[in-house]
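Just below is one structure, and these are the notes that go with it.
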Amino acid sequence: MDFKYVPTTCPYCGTGCSFNLVVVDGKVVGTAPFQRSPVNEGRVCPKGSYAHEFVNAPDRLKTPMIKKDGKFVEASWDEALDLVAEKFAHYKGEQSSVICCARASNEDNYALQKFGRCVMQTPNIDHCARLCHASTVAGLAQIFGSGAMTNSVSDLADTNCAFIIGSNNFEAHPLAGRRLMQAKKKGARIIVCDPRRTPTAKQAHLHIQHYSGTDIALLNGMMQYILQNGWENKDFIEKRTVGYEEFKKNVMQEKYSLENVSKITGVPVEDIKTACQWIHEAEKTTAVYTLGITQHTVGVDNVRSVGFLQMLTGNMGKPGTGVNPLRGQNNVQGACDMGALPNVFPGYQKVTDEAAVKKFEDAWGCKMPAKIGLTIPEMLDTFADEPEKLKCLYLMGENPIISDPDIAHVDKALKNIEFLVVQDIFLTETAEYADVVLPAVCYAEKDGTQTNTERRVQRWRKALDGPGESKYDWQIIAELAAKMGMGDKFPWANASEVFDEMAALTPQYCGMNYERIEKEGLQWPCPTCDHPGTKVLHCETFNGMPEGKSVFAPIEHRPPAEQTDADYPFILTTGATIWHWPSGTMTRRSESLNRDCPTGWIEINEEDAAEMGIETGDIVTAYSRRGEVDVPARKTPDIKKGVMFMPFHFWECRANWITNTPYDPVSKTPEYKACAINVKKKEA
Ligand code: SF4
């Protein structure tokens with residue numbers, strides 16, 4: 001019997017836990033602890049425990065497929081790539097678009113954005129960070145000069161006070177949540193702001209149950225109270241910030257008095273006071289947030305407001321403090337770093353910056369489309385409403401027909417695409433719309449790297465061969481480039497060579513190579529080969545900001561794009577469960593995870609449920625102005641009256657039939673966290 005342990009990094013959430021894949025006779029049969037990781041110290045959550053199960057699923061894609069007369073037929077690689085090359089060559093640059101993948105490796109994303117820019121000559125390059133933390137990337141870059149988590153997962157355990165807002169990390173990022181519980185054991189106070197009494201909120205010393213979409217009002221009210229009590233950090237404000245006076249004037253308005261904020265948010269005044277008091281009394285406060293902050297039409301301003309709280313109280317640039325967005329997908333940080341975005345090349349070098357354009361034209365040996373391209377929501381809008389402008393999409397590993405808001409709109413967009421290529425490990429619900437499907441290997445079957453939420457670049461290691469004729473993503477992209485006469489620009493023999501090319505062009509990664517990240521990975525920025533990596537950002541200065549200073553600004557509360565009314569009297573919010581991961585492509589093929597959580601549900605406040613005669617287990621129709629969906633009800637005291645919740649993983653009861661498409665004007669992140677709905681009990 002051939003038996004081996006292969007250390008790798010979890011393919012689910014952005015915490016970036018390490019574990020061993022257990023491989024027996026060429027088949028992966030389990031996972032086992034990998035003690036060396038500074039992120040998770042050998043522990044994993046249920047998703048990590050069973051991260052081997054989907055690898056063996058019988059319906060893995062094994063051969064390329066071409067759609068003929070509405071049905072997929074198997075094809076050779078030559079047939080499939082010849083067809084794709086011929087079609088791609090037919091479209092002019094801006095008629096094409098590319099969606100990269102936050103679950104794929106850095107190497108795969110680097111290769112695909114390069115292919116999009118060099119070969120397809122399109123600026124329309126994006127990935128699902130747009131749907132989750134684009135508000136973080138934009139918001140933190142505006143105030144700190146870098147859009148990344150400021151501190152490290154391990155130092156969450158060293159705080160004296162955790163201010164957690166819009167983050168159910170016990171379910172969405174359990175091993176980051178573990179660090180917060182380590183802090184609690186050491187005496188830290190835990191404050192959780194969330195409209196639901198989530199498993200995370202149940203661990204808190206103080207649960208602030210505000211209405212979805214009222215974060216700015218809550219934060220402005222808190223900051224007014226801090227200022228009224230003289231609890232601001234004057235030294236930090238004076239030495240390390242600009243824009244303070246205008247910010248202060250805004251926050252001190254009567255409309256942000258605790259009484260008024262209490263009315264807007266539905267939170268008792270005493271609770272807001274207590275949160276402020278605890279932050280004041282703590283030597284170090286960390287701010288942690290996720291999609292409850294970012295997925296709003298005011299997502300960027302929500303993010304900046306969290307940053308302002310930390311700047312106002314001087315909780316920046318030290319262990320146990322900072323602004324800590326827990327990034328969603330395993331490699332969403334890396335996909336952003338790789339330039340899988342319409343406005344930046346790798347390393348956030350702007351596509352509108354002449355020097356950056358020249359740098360990449362020289363390095364890659366081809367002309368760049370030097371303009372900002374379309375984001376995913378803009379691509380879908382264009383496919384749906386102006387299909388003569390945008391005709392072709394190369395999509396790697398994403399599943400918009402489940403994950404994007406307003407499914408009827410996404411369906412129309414996908415049907416309108418003239419030529420759609422999907423590269424994936426399964427025939428996803430989105431792949432069903434494709435003209436050509438290209439089979440890729442998964443994380444367990446390849447070498448590569450991914451970058452977790454704390455900017456740590458870590459390795460995947462090949463544990464077994466992929467099924468059938470599946471190939472590495474970067475390899476498929478390089479072979480397609482060769483078919484289109486540009487193979488010399490994609491000359492890599494292995495993933496390490498892709499990484500080296502990327503690192504040479506990406507300032508944050510310049511000091512890294514596979515040898516250096518072999519043990520525990522390295523956290524960027526890591527600018528030179530002897531640099532140890534960076535655990536805490538902004539210790540002395542805010543690099544990238546004028547004068548090295550962070551920027552305060554006045555921000556006003558604005559309500560969600562859609563308000564409740566007599567026809568749609570409830571606010572719907574969406575989120576994750578511990579058992580599954582976004583569109584369920586991998587977790588729903590895990591027997592163990594599916595056994596524990598086989599389908600979706602809608603949470604309804606118990607008083608609301610009683611008024612409508614709804615019991616747990618009843619099938620209800622949830623409906624909005626965009627559509628309807630049948631879903632089992634769960635009545636609970638844990639959600640605020642007037643608010644409902646649906647997890648977003650489940651094909652058969654997709655929350656996105658009823659979610660809303662308006663997005664933040666800067667980040668273009670849709671407002672998944674607040675729309676107006678109603679429910680009715682379905683007759684038996
Ligand atoms: Fe994987 Fe996230 Fe669970 Fe860690 S916490 S095992 S990275 S899903």
Side-chain angles (χ1 to χ4, degrees), residues 5-22 28 30-55 102-106 128 132-133 149 152-154 156-157 164 167-182 198-200 203 288 290-291 324-335 442-444 448-461 463 520-521 523 575-590 592-594 596-597 647-649:
Y5 274 17
V6 181
T8 193
T9 314
C10 182
Y12 289 116
C13 91
T15 307
C17 300
S18 295
F19 52 74
N20 284 298
L21 285 168
V22 183
V28 61
T31 62
F34 177 73
Q35 297 293 352
R36 203 163 52 201
S37 169
V39 176
N40 60 311
E41 299 176 310
R43 272 87 166 173
V44 288
C45 78
K47 291 186 286 289
S49 296
Y50 301 118
H52 61 289
E53 291 190 350
F54 78 87
V55 177
R103 291 240 276 282
S105 68
N106 286 324
C128 72
C132 56
H133 273 286
M149 178 172 176
S152 297
V153 171
S154 61
L156 297 176
I164 302 166
S167 166
N168 179 14
N169 49 67
F170 256 56
E171 296 205 70
H173 302 84
L175 271 294
R178 171 177 172 265
R179 294 296 193 177
L180 292 162
M181 289 307 99
Q182 287 176 334
T198 60
T200 310
Q203 299 300 323
V288 175
T290 55
L291 307 186
N324 297 295
L326 302 176
R327 301 295 299 262
Q329 304 271 16
N330 56 318
N331 197 34
V332 70
Q333 180 65 57
C442 77
Y443 82 106
T449 60
Q450 62 176 30
T451 306
N452 78 349
T453 189
E454 56 169 9
R455 299 164 276 104
R456 185 181 299 274
V457 184
Q458 303 184 98
R459 280 293 312 277
W460 283 344
R461 294 177 186 82
E520 297 179 346
Q523 287 170 274
T577 158
I578 193 169
W579 306 106
H580 289 287
W581 197 242
S583 72
T585 307
M586 289 144 62
T587 52
R588 298 202 75 195
R589 286 177 170 87
S590 162
S592 305
L593 297 172
N594 251 347
D596 287 327
C597 185
F648 46 49
H649 318 285

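Whatever order the structure lists ligands and atoms in, that order sets their numbers, starting from 1. Sequence positions, counted from 1, serve as the residue numbers for this chain.
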For [atom], what's the nearest protein heavy atom and its distance?
atom: atom 2 (Fe) of ligand 1; value: C13 SG, 2.3 Å
atom: atom 3 (Fe) of ligand 1; value: C45 SG, 2.3 Å
atom: atom 7 (S) of ligand 1; value: C17 N, 3.4 Å

Quick one: which ligand 1 atoms are inside 4.0 Å of a heavy atom on P174?
5 (S)
Can you list the atoms of ligand 1 that are under 4.0 Å from a heavy atom of Y12?
8 (S)
Does a donor on one side chain and an acceptor on the other come within less than 3.5 Å for [X] and [Y]?
X: N331; Y: N106; value: yes
X: S592; Y: E53; value: yes
X: S154; Y: S152; value: no

In terms of the angle between their ring planes, are H173 and W581 parallel, tilted or perpendicular, with boundaries placed at 30° and 60°?
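H173 and W581: perpendicular rings.
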Short N/O/S contact of H173 with atom 4 (Fe) of ligand 1 (below 2.8 Å)
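H173 does not place any N, O or S atom closer than 2.8 Å to atom 4 (Fe) of ligand 1.
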Quick check: does C10 put an N/O/S atom under 2.8 Å from atom 2 (Fe) of ligand 1?
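No, since none of the N, O or S atoms of C10 sits under 2.8 Å from atom 2 (Fe) of ligand 1.
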Are R36 and E41 within salt-bridge range, i.e. N to O under 4.0 Å?
no
